[in-house]
Amino acid sequence: ALIGRAAGVQITQSEGAPGAGVKMRIRGGTSINASNEPLYVIDGFPVQASTDPISSGLGISRTSVLSTMNPSDIESVEVLKDASATAIYGSRGANGVVIITTKSGGGNRQNITFDAYSGISNITKTIDVLQGQDFIDYYYYMTNISYLGDNRTYALRDANNNPILDHYNYRGDPIWQKAPLSTFQQHDWQDEIFQTGAVQNYNLSFYGGSKNLNYLASVGYFNQKGIIVGSQYERYTGSFKLENNFSNKFKIGININTGYTVNDGVLTATESGGVGSGVITNALVFMPVLGYDVFGDLLTEDSNSEYYDQLTNPVKESKEVKLTSYNYYIRPNLYLDYEILPGLRLKVTGGSNLAMNKTESWYPGHFGIGLTSGGGAAYLSSSNTVEWLNENTLSYIKQFDNHKVNVVAGYTQQGSTIKGYSLGATNFEIQSINLDNMGSATISQSGSGSYKSEWGLKSWLGRANYSFKDKYFVT
């Protein structure tokens with residue numbers, strides 16, 4: 001909703017996969033090596049967003065705090081860009097601050113709303129590549145050029161001056177002449193990996209209120225099937241908000257947001273070329289004809305390694321390689337607000353952000369990465385995050401004649417603990433076990449281990465705003 005509406009704000013999706021993370025830049029990037037992401041404040045809770053890859057093995061999945069939220073739960077988004085507005089958040093606000101406020105209840109009666117939408121998506125254009133006989137003719141021609149000298153005689157000869165025609169040095173395979181095209185399987189790999197994507201979204205909300213009480217409860221479900229076979233993203237969200245005015249001076253508020261996402265991805269972002277090629281690259285360069293060559297080697301549906309440095313069948317790669325990430329979060333928040341004197345209010349807020357992430361990757365042992373690793377390759381990573389926040393602020397707002405004063409002072413503290421581990425193993429004797437029992441593998445990958453990190457902030461803050469006739473401002 002912000003794209004093209006907020007000056008100086010750029011919003012892009014990090015990649016085209018379903019559920020991909022969202023990048024936001026406020027007045028451009030400020031660093032080459034460090035993060036350029038702004039600080040997100042969700043219902044008063046600062047969340048340092050990240051679109052860094054959450055990876056396990058060679059599979060990469062990028063997420064962000066925005067991609068896990070339900071847009072239907074958002075009431076407003078405010079972007080703070082100037083230094084005076086972001087100063088209250090310290091160095092964390094150096095890239096700007098995005099304040100997200102979720103919807104609240106209201107009104108004098110109970111309300112129930114339900115909304116849904118669905119849609120489809122297709123790739124608009126594929127890349128033209130050689131197919132069938134055209135590929136055979138061109139391949140035969142180019143390999144002859146590569147392995148014949150300038151005088152069109154065989155460049156490689158043995159000690160007796162006989163031409164060397166083994167398939168490691170000469171690739172003009174006579175099979176292309178001996179066997180008719182009908183004996184080969186022909187494939188247009190782009191047609192086979194691309195599919196019609198689909199998206200569906202459902203939201204159900206209950207809200208209402210009275211003079212002293214407002215409430216809202218909502219649930220949402222989002223499902224996106226990608227345009228590449230095997231890619232899919234699911235998101236389940238829930239929200240509950242309650243505000244109660246016990247008197248004209250004292251009120252209390254409770255807010256809980258939770259969500260769970262499952263992201264099934266495909267191998268697209270890895271090493272360039274060779275065994276690390278992703279499904280898109282393989283769909284363009286994997287041999288479109290399959291069968292036996294003149295040397296008796298089978299150009300299999302798993303790989304044509306004799307010809308293309310173990311490029312992988314893109315269909316099998318998209319269907320059999322497992323790249324799945326699971327994310328769960330819950331953000332409970334409680335605040336107390338009391339008016340000490342007319343215009344002078346005390347607000348005490350306590351909240352937490354609990355998040356769990358797990359990423360699983362499995363590469364079968366009969367092709368691609370799992371074949372070169374030997375007996376299949378499995379990777380597993382997990383992290384748990386516990387953040388807490390306490391804010392205590394005094395605010396004073398007073399207006400007299402054409403003058404208005406707004407003063408805020410307070411003390412805040414926030415802490416975070418992150419624990420996680422990563423495991424990698426290869427050479428599974430029983431392929432079907434893989435991630436269910438990584439101890440059954442005979443080789444453990446280097447880099448497996450666990451970690452823990454902690455950080456904390458304690459801050460005194462203050463800000464004063466003065467305005468005259470709502471035209472002249474001093475901060």
Side-chain angles (χ1 to χ4, degrees), residues 1-3 11-24 37 40 49-74 115-126 189-203 219-238 258-270 277-284 314-329 355-363 379 381:
L2 280 177
I3 297 177
I11 303 175
T12 58
Q13 199 168 21
S14 60
E15 56 191 64
V22 176
K23 292 183 179 180
M24 182 178 291
E37 284 293 308
Y40 294 91
S50 174
T51 55
D52 293 336
I54 300 173
S55 61
S56 184
L58 294 176
I60 295 178
S61 175
R62 297 176 183 270
T63 61
S64 71
V65 64
L66 293 182
S67 64
T68 58
M69 292 188 65
N70 184 355
S72 298
D73 289 337
I74 297 176
D115 65 86
Y117 69 83
S118 62
I120 61 174
S121 58
N122 284 289
I123 189 169
T124 57
K125 179 179 174 57
T126 57
W189 298 115
Q190 293 181 83
D191 286 346
E192 296 187 35
I193 68 164
F194 290 122
Q195 63 183 358
T196 297
V199 60
Q200 51 185 320
N201 185 75
Y202 307 95
N203 294 291
V219 292
Y221 173 73
F222 176 82
N223 184 303
Q224 182 180 9
K225 182 177 72 172
I227 61 173
I228 298 180
V229 173
S231 61
Q232 181 169 306
Y233 176 78
E234 287 186 287
R235 181 182 66 218
Y236 304 83
T237 57
T258 185
Y260 175 71
T261 65
V262 181
N263 193 344
D264 293 314
V266 293
L267 192 64
T268 58
T270 60
S277 298
V279 63
I280 301 295
T281 301
N282 285 325
L284 297 176
V315 175
K316 296 181 72 68
E317 187 174 42
S318 62
K319 290 183 177 181
E320 298 187 28
V321 172
K322 175 183 175 65
L323 300 175
T324 304
S325 63
Y326 307 88
N327 295 276
Y328 171 75
Y329 72 88
M356 292 176 282
N357 166 264
K358 182 172 74 171
T359 305
E360 300 176 339
S361 304
W362 164 245
Y363 305 90
Y379 301 90
S381 65

Peer 1: Go through it in stages, so that I can follow the logic: the residues are Tyr328 and Thr258, the test is side-chain contact (heavy atoms from CB on, under 4.5 Å), and I'd like the CA-CA distance, side-chain angles, deciding distance and then a yes or no.
Peer 2: CA-CA 8 Å; Tyr328 171 75; Thr258 185; 3.5 Å; yes

Peer 1: With side-chain contact (heavy atoms from CB on, under 4.5 Å) as the test, would you mind laying out the steps for Glu317 and Val266 before giving the verdict?
Peer 2: CA-CA 8 Å; Glu317 187 174 42; Val266 293; over 6 Å; no

Peer 1: Starting at CD of Gln224, measure out to CG of Asn201 and round the result to the nearest 0.5 Å.
Peer 2: 10.5 Å

Peer 1: Given side chains that start at C-beta, do those of Phe222 and Val199 come closer than 4.5 Å, heavy atoms only?
Peer 2: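 They are in contact (side-chain heavy atoms under 4.5 Å apart), so the answer is yes.
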
Peer 1: Begin from the C-alpha positions of Tyr363 and Ser361 and carry the test side-chain contact (heavy atoms from CB on, under 4.5 Å) through to its verdict.
Peer 2: CA-CA 7 Å; Tyr363 305 90; Ser361 304; 4.0 Å; yes

Peer 1: Hey, does the side chain of Gln195 reach the backbone of Gly226 with a donor-acceptor pair shorter than 3.5 angstrom?
Peer 2: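 Pair found, side chain donor or acceptor close to backbone of Gly226.
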
Peer 1: Can you tell me how far apart OH (Tyr379) and OG1 (Thr359) are? Round to the nearest 0.5 Å.
Peer 2: 14.0 Å

Peer 1: Measuring only between side-chain heavy atoms, which start at C-beta, is Tyr326 closer than 4.5 Å to Glu360?
Peer 2: yes

Peer 1: Check each of Thr237, Asp73, Asp115 against Asn203 using the side chain to side chain donor-acceptor pair (under 3.5 Å) test, and report the only one that passes.
Peer 2: Asp115

Peer 1: Quick one: sort the Tyr221 and Tyr236 rings into parallel, tilted or perpendicular, breaks at 30° and 60°.
Peer 2: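 It falls in the tilted class, 30° to 60°.
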
Peer 1: Can you name the nearest heavy-atom pair linking Arg235 to Thr68, along with the distance?
Peer 2: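 So the minimum-distance heavy-atom pair works out to CD-O, 3.5 Å.
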
Peer 1: Before giving the answer on side-chain contact (heavy atoms from CB on, under 4.5 Å), spell out for Phe194 and Ile280 the whole-Å C-alpha distance, their side-chain angles and the decisive distance to 0.1 Å.
Peer 2: CA-CA 10 Å; Phe194 290 122; Ile280 301 295; 4.0 Å; yes

Peer 1: Which heavy atom in Tyr202 sits nearest to a heavy atom in Ala116, and how many Å separate them?
Peer 2: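 Nearest pair, atom of Tyr202 first, then Ala116: CD2-CB, 3.5 Å.
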
Peer 1: Going from OG1 on Thr324 to NZ on Lys358, what distance comes out if it is rounded to the nearest 0.5 angstrom?
Peer 2: 10.0 Å

Peer 1: What's the separation between atom CD1 in Ile193 and atom CD1 in Ile228, rounded to the nearest 0.5 Å?
Peer 2: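 The CD1 atom of Ile228 is 5.5 Å from CD1 of Ile193, to the nearest 0.5 Å.
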
Peer 1: Supply the atom-to-atom distance Ile123 CD1 to Ile227 CD1, rounded to the nearest 0.5 angstrom.
Peer 2: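 With rounding to 0.5 Å, CD1 (Ile123) is 5.0 Å from CD1 (Ile227).
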
Peer 1: Just how far is it from atom CG of Asn223 to atom CD of Gln200, taken to the nearest 0.5 Å?
Peer 2: 5.0 Å

Peer 1: Any non-hydrogen side-chain atom of Val279 less than 4.5 Å from a side-chain atom of Leu267?
Peer 2: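 They are not in side-chain contact.
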
Peer 1: Please tell me if the side chains of Val315 and Val229 come closer than 4.5 Å, counting only heavy atoms from C-beta onward.
Peer 2: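 When only atoms from C-beta onward are counted, Val229 and Val315 do not touch, as no gap falls below 4.5 Å.
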
Peer 1: Determine whether Val262 and Tyr233 make a side-chain contact, defined as any pair of heavy atoms from C-beta on separated by less than 4.5 Å.
Peer 2: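 Side-chain contact under 4.5 Å: no.
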
